[in-house]
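The block underneath contains the structure these notes are about, expressed in structure tokens.
Excluded from the calculations below are hydrogen atoms, water molecules and symmetry mates; all remaining heavy atoms, backbone and side chain alike, are included. Note that this is a predicted model, so its numbers are computed, not measured.
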Amino acid sequence: MSDASPDHNLPLDRIDQAIIEVLRHNGRITYQKLSELVHLTPRPCLERVRKLERMGVILGYGAIVDLQQVSPGLSLLVLVALSNQSGRAAQKAFEACMRACPQVLECRLISGTFDYSLRMRCRDMEHYRVLTEAWLDNPELHIDKLVAHPELATVKNPAPMPG
């Protein structure tokens, strides 16, 4: 997260919202084209984008990749419950472990029966089994339950809008 600045207290106006919406769909757009779409000249448009980056509203830019084409394997949604007596230390240990694990693409703290939702990518089910058994065997993590849901097909991806 970025350092606190006076910008953090400013509400986002309609132009900021428009910039965010365009960049959500097309992070590779030129500042010239972006400025035209949000009805600003290029310089103030660039300044607003930089301000949104400093504020931590825009976290980064990236490509949407078909992982199956890059490295065939298994994508899974995994729900994780920590034991009721685990405490904050176990939560921190679990989160550090997830951050360090390259097979974990996303880790979200959630409410409900489970504590975390993971998006994972493994070579195959055996790879997943070995990895999660190591987690379950680690007493620092206090994992009570893991439930895996292998992905069968992608129905909707965040895709860039046509240029």
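Side-chain atoms of S75 and R121 include a donor-acceptor pair closer than 3.5 Å. A side-chain donor from one of Y116 and E95 sits under 3.5 Å from a side-chain acceptor of the other. A side-chain donor-acceptor contact under 3.5 Å links R88 and Q91.
Using a 4.0 Å cut-off between a side-chain N of Lys or Arg and a carboxylate O of Asp or Glu, D13 and R48 qualify as a salt bridge. The pair E53-K51 does not meet the salt-bridge criterion, since no charged nitrogen lies less than 4.0 angstrom from a carboxylate oxygen. The residues R50 and E47 are annotated as not salt-bridged, no charged nitrogen and carboxylate oxygen being separated by less than 4.0 angstrom. A salt bridge links E126 with R129; the closest basic N to acidic carboxylate O contact falls under 4.0 Å.
Note: W135 and F94 have perpendicular aromatic rings, judged against thresholds of 30 and 60 degrees for the angle between ring planes.
Taking a 6.0 Å sphere around CD of E140, one finds it holds 12 or fewer heavy atoms contributed by other residues, nucleotides or ligands.
F114 is not connected to V104 by any chain of hydrophobic side-chain contacts under 4.5 Å among Ile, Leu, Val, Met, Phe, Trp and Tyr, and they are in different clusters. Linking Ile, Leu, Val, Met, Phe, Trp and Tyr whenever their side-chain heavy atoms come within less than 4.5 Å leaves L76 and V130 in two separate clusters. Under a hydrophobic clustering in which Ile, Leu, Val, Met, Phe, Trp and Tyr are joined whenever their side-chain heavy atoms come within less than 4.5 Å, directly or via other members, V80 and L109 fall into the same cluster. There is a path of hydrophobic side-chain contacts, each under 4.5 Å, that joins L136 to V78. Connection of V22 to I15 is established within a shared hydrophobic cluster, with ILVMFWY side chains joined at heavy-atom distances below 4.5 Å, either directly or through further cluster members.
For the pair I29 and L23, the minimum side-chain heavy-atom distance is below 4.5 Å. Side-chain atoms of L79 and H149, non-hydrogen and from C-beta on, do get closer than 4.5 Å to each other. Between I20 and V57, some side-chain heavy-atom pair lies under the 4.5 Å cut-off. With contacts defined as side-chain heavy-atom distances shorter than 4.5 Å, the pair R43/Y31 does not qualify. Taking the side chain as every heavy atom from C-beta outward, L34 and V49 approach each other to under 4.5 Å. With a 4.5 Å cut-off on side-chain heavy atoms, C101 and L131 count as touching. Here the side chains of L118 and R108 are not in contact, with every heavy-atom distance at 4.5 Å or above. The side-chain heavy atoms of L52 and I19, taken from C-beta on, include a pair separated by under 4.5 Å.
At distances below 3.5 Å, not a single donor-acceptor pair connects side-chain atoms of D144 with backbone N or O atoms of A81.
The line from CD of Q17 to CG of L12 is 5.0 Å long, rounded to the nearest 0.5 Å. To the nearest 0.5 angstrom, L77 atom CG is 9.0 Å from R119 atom CZ.
Closest approach of Q32 to S35, counting heavy atoms only: O-OG, 2.7 Å.
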Would you please test Y128 and T132 for side chain to side chain contact (heavy atoms under 4.5 Å, CB included) and show each step? CA-CA 6 Å; Y128 168 78; T132 55; 3.2 Å; yes

Report the C-alpha separation of M125 and L74 in whole Å, then their side-chain angles, then the decisive distance to 0.1 Å, and conclude whether the side chain to side chain contact (heavy atoms under 4.5 Å, CB included) test is met. CA-CA 7 Å; M125 197 53 106; L74 182 64; 3.8 Å; yes

After noting the C-alpha distance and the side-chain angles of C97 and N138, does the key distance pass the side chain to side chain contact (heavy atoms under 4.5 Å, CB included) rule? CA-CA 10 Å; C97 180; N138 183 340; 5.6 Å; no

